[in-house]
**Student:** 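For reference, the structure I am asking about is given below.
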There are 2 protein chains.
Amino acid sequence: MDLHGGNIYRIARERGVKDLLDYSANINPLGISEKLKERVANSWELFERYPDPHYIELRETLGKHSGVKKENIVVGNGATEVIFLYCKTVNPKKALIVMPTFAEYERALNTVGCQVDHFKLLESEDFKIDVDRLREELKKDYDLLIMCNPNNPTGKFIKLERMREVVAAARESNTKLMVDEAFIEFVEGDYTESVATLEEEHVFVVRALTKFFAIPGVRLGFGICNDMELLERIEAHREPWTVNTLAEISAKVLLEDEEYIERSKRWIESEKEYMYSGLSEGHKIKPYKTETNFILVKLLGGITAGELRDRMIDEGVVIRDASNFPFLGDKFIRLAVKGRETNSQVIERIVRVTNEAR
Amino acid sequence: MDLHGGNIYRIARERGVKDLLDYSANINPLGISEKLKERVANSWELFERYPDPHYIELRETLGKHSGVKKENIVVGNGATEVIFLYCKTVNPKKALIVMPTFAEYERALNTVGCQVDHFKLLESEDFKIDVDRLREELKKDYDLLIMCNPNNPTGKFIKLERMREVVAAARESNTKLMVDEAFIEFVEGDYTESVATLEEEHVFVVRALTKFFAIPGVRLGFGICNDMELLERIEAHREPWTVNTLAEISAKVLLEDEEYIERSKRWIESEKEYMYSGLSEGHKIKPYKTETNFILVKLLGGITAGELRDRMIDEGVVIRDASNFPFLGDKFIRLAVKGRETNSQVIERIVRVTNEAR
């Protein structure tokens with residue numbers, strides 16, 4: 001089973017089909033900014049040199065747009081490298097992950113031999129976080145707490161006001177906190193709602209341009225850290241030149257592309273509502289309200305997520321079977337929020353197939 | 001001090017200059033293939049998806065051109081990732097590196113706490129390898145032998161006939177062998193001279209498209225391995241999606257670009273001779289014969305490599321001070337072999353400056 005969505009290559013290979021609608025990966029459907037394409041066409045000479053091993057300009061750009069100094073930024077080959085680097089450097093003995101969530105946190109912790117416990121978000125609580133319960137749990141001597149906000153796959157966002165309590169609970173229990181904000185650009189208020197604004201030494205924030213700017217093939221992630229001693233140790237663990245030149249150029253061009261950013265925000269605002277209400281029409285499915293560009297859906301009938309995924313491939317759509325997110329069981333799927341035309345097709349097909357299923 | 005050449009960014013920042021001739025990095029001066037630029041302009045939609053996490057097509061392409069099966073290929077974010085992955089997975093307790101050479105092997109071994117010894121190539125032997133002496137040294141219970149062939153910074157290549165003896169010596173002493181062939185495309189006979197053709201289980205070959213195809217900003221390296229059990233363990237250590245989409249496209253386009261490959265081979269053949277004979281005119285320098293696209297030069301007068309490097313920046317040229325290659329001392333520089341026009345300028349300036357120095 002694949003750990004992640006987006007592997008439509010294997011599906012296409014195995015089934016011998018092409019032109020599948022990929023609703024398994026959470027990418028901005030506006031696609032790559034035209035400004036980036038133009039800039040690359042005029043900047044090929046930059047690829048003929050090694051990237052700056054200290055990534056000074058890149059870190060300045062990322063810092064400026066995140067409201068932090070370049071000294072507080074560590075860059076990586078996608079958020080994945082940043083997550084692995086952080087876990088390798090902190091080298092926790094015992095960590096707590098808020099679940100269900102993205103699988104790579106646990107994989108990164110496993111590579112350093114860390115004991116991993118899970119703090120479960122409950123379906124009965126609409127997958128919202130209970131800070132009091134978390135505070136109690138943190139008394140059990142954890143070195144590190146990891147969470148994703150907004151959370152993948154639930155689509156729920158904990159606003160800064162609430163996150164202050166989580167940050168305080170971690171501080172009081174002497175626990176480091178890593179927050180993956182890979183989807184924060186989709187949230188109303190975006191960076192002003194980030195825990196990075198709190199500038200706390202025990203908090204490490206992970207970001208990526210991947211999702212919002214539709215560049216998963218480019219590979220650019222970064223971390224924001226206020227613990228300078230830790231940052232130095234992270235840099236010592238980093239292999240040289242892991243961030244490629246296209247990623248450097250992308251940061252510079254995309255973060256300045258106000259028109260793209262505005263269009264994307266308007267799109268997500270309208271389409272997430274459109275999909276939620278369209279899916280709500282289904283008799284045997286329950287969509288969850290989302291603050292991001294993907295939507296969690298519970299299957300209320302007899303069909304499992306795996307069965308629906310197979311049926312939907314016959315319908316030309318790849319959805320994400322969310323049953324490999326631990327604690328979700330086999331009744332949840334995750335859908336990307338994309339453009340209106342395909343959204344309406346996908347809603348129609350899912351509602352029809354689930355209505356007709358047992 | 002920088003561990004590597006090519007950091008002209010810092011020099012430009014610190015000195016406030018631009019338009020330096022970069023003779024410190026070993027990149028094909030033909031620059032990036034036009035075919036690659038065209039292909040990227042027509043393939044942006046590929047960047048809007050995650051790369052295939054198993055890199056099936058990429059490994060097929062690399063395997064086909066290296067004469068090995070895709071199952072024997074592991075890909076990485078530049079040769080650097082492959083080197084670090086291999087060292088992490090093999091996890092040797094005691095390793096021997098043939099020196100002087102590229103600094104990252106030792107850095108990779110240091111990250112896994114390996115004891116590192118050095119097998120010194122001698123100036124008195126023209127930096128050629130003495131296999132009998134190596135065979136003796138290998139009796140000291142090494143887990144791993146690392147060498148670069150052709151070797152950076154000496155420019156010397158050990159032909160396959162001779163490498164068979166090295167491979168046999170390693171096998172007899174139960175030592176794994178990692179050979180970095182990042183510059184092999186510049187050598188006459190190229191892949192037919194590779195140790196990968198021997199298909200030995202204890203040999204791991206590192207390759208990169210970086211140097212020959214002038215794409216250091218793209219980041220693509222790979223390893224060739226016949227030990228399938230080891231390869232599986234390497235894959236388990238690999239973080240997902242470390243190879244970006246531009247790297248995937250590059251392999252496909254560049255390895256098929258016969259015209260570029262032919263032009264590059266003709267260029268290197270003529271320019272390496274031109275530079276060798278031009279530099280031989282200097283009274284106070286001694287160039288070494290090279291089989292690659294860089295040339296090691298010994299300073300015979302009173303000036304040190306560091307002093308010459310500083311003087312040459314005033315002349316508008318960045319050279320590589322080779323004194324941070326252990327065992328070379330402070331009297332060696334390394335020059336890239338580039339296009340005729342700048343080669344003749346650089347030769348003239350170096351010969352003049354060293355002739356005039358104390």
**Student:** Within a reach of under 6.0 Å around CZ of Arg340(A), are more than 12 heavy atoms found that belong to other residues, nucleotides or ligands?
**Tutor:** yes
**Student:** Supply the atom-to-atom distance Tyr50(A) OH to Asp22(B) CG, rounded to the nearest 0.5 angstrom.
**Tutor:** 11.0 Å
**Student:** Measuring from atom OG1 of Thr245(A) to atom CZ of Arg219(B), what distance do you get when rounded to the nearest 0.5 angstrom?
**Tutor:** 8.0 Å
**Student:** From Asn77(A) CG over to Glu81(B) CD, what is the distance, rounded to the nearest 0.5 angstrom?
**Tutor:** 7.0 Å
**Student:** Hey, could you give me the CG/CG distance between Asn244(B) and Leu220(A), rounded to the nearest 0.5 Å?
**Tutor:** 11.0 Å
**Student:** Thr242(B) versus chain A, heavy atoms under 4.5 Å apart: side chain, backbone, both or neither?
**Tutor:** both
**Student:** Is the backbone of Gly217(B) close enough, under 3.5 Å, to the side chain of Arg49(A) for a donor and an acceptor to pair up by distance?
**Tutor:** no
**Student:** Heavy-atom distances under 4.5 Å only: say whether Ala236(B) touches chain A with side chain, backbone, both or neither.
**Tutor:** backbone
**Student:** Name all pairs fulfilling the side-chain hydrogen bond (donor to acceptor under 3.5 Å, both in side chains) condition that reach into residues 37-46 of chain B, sequence neighbours left out, sorted by first residue then second.
**Tutor:** Glu34(B)-Lys37(B)
**Student:** With no hydrogens and no angle check, is any side-chain donor or acceptor of Glu48(A) less than 3.5 Å from a backbone partner on Ile32(B)?
**Tutor:** yes
**Student:** Can you confirm whether more than 12 heavy atoms, excluding those of Lys252(A), are under 6.0 Å from its NZ atom?
**Tutor:** no
**Student:** Checking side chain to side chain contact (heavy atoms under 4.5 Å, CB included) against Phe47(B), which of Val40(A), Ile215(A), Leu246(A) comes through?
**Tutor:** Leu246(A)
**Student:** I'd like to know whether NZ of Lys35(A) has more than 12 heavy-atom contacts from other residues, nucleotides or ligands below 6.0 angstrom.
**Tutor:** yes
**Student:** Atom CD in Glu239(A), atom CZ in Arg107(B): separation rounded to 0.5 Å?
**Tutor:** 8.0 Å
